Amino acid sequence: MLSHKNLSVNVQQIQTWFPALEFGKDSMVATYPLFHSAGNIISCFIIWMGWEQILIPGGAQRIIEILNEQSRSGCPGCPRSSWGF
């Protein structure tokens, strides 16, 4: 179980690792399942940064299409979400 403090510290830790990322000026493709702890933390991080979060149903081909449309700051995911790349 993740506590509120744990989620907050994890989100702040990610932001510390990538200091060049700017608040409110980007978007990220979220491919992690949101019920997964990593997906939950990435989702919280995107909200913390004030970014647009792009949730993609439909698998790898749709992810590639979205990434080709416009540059994104990232596309974190787990191996299962990347099958077919």
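Every value quoted in this text rests on a predicted model; they were computed, and no experiment measured them. Computation of the quantities below employed the complete heavy-atom set of this structure, encompassing side-chain atoms and omitting hydrogens, waters and symmetry-equivalent molecules.
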Please identify each residue that fulfils side chain to side chain donor-acceptor pair (under 3.5 Å) with K25, with sequence neighbours left out.
-> E22

Which residues pass the side-chain contact (heavy atoms from CB on, under 4.5 Å) test with L7, sequence neighbours left out?
-> L2, N40, I41

Linking I/L/V/M/F/W/Y whenever their side-chain heavy atoms sit closer than 4.5 Å, directly or via other members, would W17 and W51 fall into one cluster?
-> yes

Rounded distance [0.5 Å steps], CZ in F18 versus CD in Q13 = 10.5 Å

dist N6:CG -> N10:CG (nearest 0.5 Å) comes out at 4.5 Å

Name all residues meeting the side chain to side chain donor-acceptor pair (under 3.5 Å) criterion together with Q53; count only those two or more places apart in sequence or in a different chain, and write none if there are none.
-> S43

According to the interplanar angle, ranging from 0 to 90°, do the rings of F23 and W48 count as parallel (below 30°), tilted (30 to 60°) or perpendicular (above 60°)?
-> tilted

For the atom pair CG (L21) and OG1 (T16), what is the distance rounded to the nearest 0.5 Å?
-> 11.0 Å

